[in-house]
A.B. asks: 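First, the structure itself, so that you have it in front of you.
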Amino acid sequence: MEITAIYPGTFDPVTNGHIDIIARAARLYHKVIVAVAVNSNKSPLFDVSQRVDLLETVTADMDNVVIIGFDNLLVDCAKQQGANVILRGLRAISDFEYEFQLAGMNRRLSPELETMFLTPAEQYEFISSSMIKEISRLGGNVSDFVPDIVRKSLTNKFKRG
Ligand code: ADP
């Protein structure tokens, strides 16, 4: 059976941790759909089209990865896209409680969809988009944590302020 995974998130912005998860998934699944949530209640720094563009650029060499934006219920989006698996990344125990709750709720909403978790390489375990934004806003160097195009986009954002 050819399995399609959907990897939802805010990706505001995409980090090396996300890319590590996408690369691992691309080796496991027939197709990986990275689904960028509009997520206006989080007031993202980048609008959804910018987040999609950045993801497209940094995954350009992965043939079975596609990027979409979505603004509806994840399980509905997964169904529309023909996905069988919801993929999430797990960094630490602190992620577990929320992810466990989310997986349980998505199972109640759509029992045929399985949630699967991948962990990133050790050096990415502590990276979060929110911390990257904070470091960049305060003028810190984020080049170890995000691709160069993301670093430049962050610098531009905070320059225009
Ligand atoms: P959300 O707002 O849905 O948590 P994020 O963009 O922050 O969206 O994260 C999307 C997914 O990627 C989540 O499952 C999150 O746990 C995971 N993730 C975020 N950062 C990392 C990282 N450094 N390593 C592995 N997984 C990560």
Side-chain angles (χ1 to χ4, degrees), residues 1-56 58-59 62 64-137 142 144-147 150 154:
M1 180 182 171
E2 286 181 345
I3 298 178
T4 295
I6 189 163
Y7 178 37
T10 313
F11 304 102
D12 184 45
V14 58
T15 69
N16 290 345
H18 296 127
I19 296 167
D20 181 273
I21 297 292
I22 296 168
R24 286 170 201 282
R27 292 193 289 269
L28 278 176
Y29 300 109
H30 179 66
K31 183 176 171 188
V32 177
I33 300 162
V34 182
V36 183
V38 171
N39 219 342
S40 33
N41 55 358
K42 270 199 178 178
S43 332
L45 178 66
F46 294 95
D47 67 32
V48 69
S49 66
Q50 289 176 296
R51 287 179 273 141
V52 167
D53 283 352
L54 287 174
L55 271 156
E56 273 173 354
V58 301
T59 60
M62 300 183 217
N64 58 341
V65 173
V66 297
I67 319 294
I68 61 166
F70 78 107
D71 199 13
N72 57 342
L73 202 56
L74 173 63
V75 294
D76 292 339
C77 175
K79 221 167 281 172
Q80 286 159 7
Q81 297 291 328
N84 336 66
V85 162
I86 297 172
L87 178 69
R88 295 285 286 176
L90 267 188
R91 283 162 294 192
I93 301 174
S94 53
D95 277 342
F96 180 79
E97 198 170 337
Y98 173 70
E99 293 295 337
F100 188 74
Q101 196 179 0
L102 190 67
M105 189 53 86
N106 282 330
R107 176 171 280 162
R108 285 295 296 271
L109 292 171
S110 185
E112 70 283 1
L113 267 173
E114 295 297 342
T115 298
M116 300 189 80
F117 297 99
L118 288 174
T119 55
E122 243 179 315
Q123 67 267 34
Y124 304 127
E125 273 173 4
F126 57 91
I127 301 176
S128 70
S129 295
S130 55
M131 222 176 264
I132 296 302
K133 283 182 283 191
E134 189 63 2
I135 295 168
S136 187
R137 191 176 66 79
V142 293
D144 283 348
F145 314 124
V146 295
V150 174
L154 281 162

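These numbers come from the heavy atoms of this one structure, side chains and all, not from hydrogens, waters or symmetry mates.
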A.B. asks: How far does OG1 of Thr119 sit from CD1 of Ile21, to the nearest 0.5 angstrom?
C.D. replies: 6.5 Å
A.B. asks: With a 4.5 Å heavy-atom cut-off, do Leu28 and Leu118 have their side chains touching?
C.D. replies: yes
A.B. asks: Taking atom CE of Met62 as the centre, does the number of heavy atoms from other residues, nucleotides or ligands within less than 6.0 Å exceed 12?
C.D. replies: yes
A.B. asks: State the CG-CE distance between Leu113 and Met116, to the nearest 0.5 angstrom.
C.D. replies: 12.5 Å
A.B. asks: Taking all non-hydrogen atoms of both residues into account, name the closest pair between Arg51 and Pro44 and its distance.
C.D. replies: NH2-CG, 3.5 Å
A.B. asks: Hey, is CZ on Arg107 packed in by over 12 heavy atoms from elsewhere, all under 6.0 Å?
C.D. replies: no
A.B. asks: Show, in sequence, the C-alpha distance, side-chain angles and deciding distance for Thr4 and Glu2, and conclude whether the side chain to side chain donor-acceptor pair (under 3.5 Å) test is met.
C.D. replies: CA-CA 7 Å; Thr4 295; Glu2 286 181 345; over 6 Å; no
A.B. asks: Do the non-hydrogen side-chain atoms of Ser129 and Thr10 ever get within less than 4.5 Å of each other?
C.D. replies: no
A.B. asks: Using every non-hydrogen atom in the two residues, find where Asp20 and Ala121 come nearest and quote the distance to one decimal.
C.D. replies: OD1-N, 3.2 Å
A.B. asks: Is any side-chain heavy atom of Glu112 closer than 4.5 Å to a side-chain heavy atom of Lys79?
C.D. replies: yes
A.B. asks: Could you tell me the separation between the CG atom of Asp95 and the CG atom of Leu102, rounded to the nearest 0.5 Å?
C.D. replies: 11.0 Å
A.B. asks: Step by step, would you call Ile19 with Val14 a side chain to side chain contact (heavy atoms under 4.5 Å, CB included)?
C.D. replies: CA-CA 7 Å; Ile19 296 167; Val14 58; 3.8 Å; yes
A.B. asks: Between Gln101 and Tyr98 (side chain of the first, backbone of the second, donor and acceptor by atom type, cut-off under 3.5 Å), is there such a pair?
C.D. replies: no
A.B. asks: Drop me the distance from Ile6's CD1 to Leu74's CG, to the nearest 0.5 angstrom.
C.D. replies: 5.5 Å
A.B. asks: How many angstroms lie between CG in Leu55 and NE2 in His18, if you round to the nearest 0.5 Å?
C.D. replies: 8.5 Å
A.B. asks: Give the minimum heavy-atom separation between Ala103 and Phe117, together with the two atoms involved.
C.D. replies: CB-CZ, 4.3 Å
A.B. asks: If you compare all heavy atoms of Cys77 against all heavy atoms of Phe70, which two are closest, and at what distance to 0.1 Å?
C.D. replies: SG-CB, 3.7 Å
A.B. asks: Do you know the tightest heavy-atom contact between Lys133 and Pro13?
C.D. replies: CG-CD, 4.0 Å
A.B. asks: Do the side chains of Asp12 and Asn39 get nearer than 4.5 Å, heavy atoms only?
C.D. replies: no
A.B. asks: Distance from Asn106 atom CG to Glu99 atom CD, nearest 0.5 Å?
C.D. replies: 10.0 Å
A.B. asks: Within a 6.0 Å radius of atom CZ on Phe100, are there more than 12 heavy atoms belonging to other residues, nucleotides or ligands?
C.D. replies: no
A.B. asks: Other residues, nucleotides and ligands only: do more than 12 of their heavy atoms fall within 6.0 Å of CD on Glu97?
C.D. replies: no
A.B. asks: So, do Ile3 and Tyr29 sit near enough that their side-chain heavy atoms are less than 4.5 Å apart?
C.D. replies: yes
A.B. asks: Spell out, as yes or no, whether a donor-acceptor pair under 3.5 Å connects the side chain of Arg88 to the backbone of Pro8.
C.D. replies: yes
A.B. asks: Quick one, Leu154 and Leu45 - any side-chain contact, counting heavy atoms below 4.5 Å?
C.D. replies: yes
A.B. asks: Between His30 and Asn64, is any pair of side-chain heavy atoms under 4.5 Å apart?
C.D. replies: no
A.B. asks: Where is the tightest heavy-atom contact between Ala25 and Leu87, given as atom of each residue plus distance?
C.D. replies: CB-CD2, 3.4 Å
A.B. asks: Is the closest side-chain heavy-atom distance between Thr59 and Val34 below 4.5 Å?
C.D. replies: no
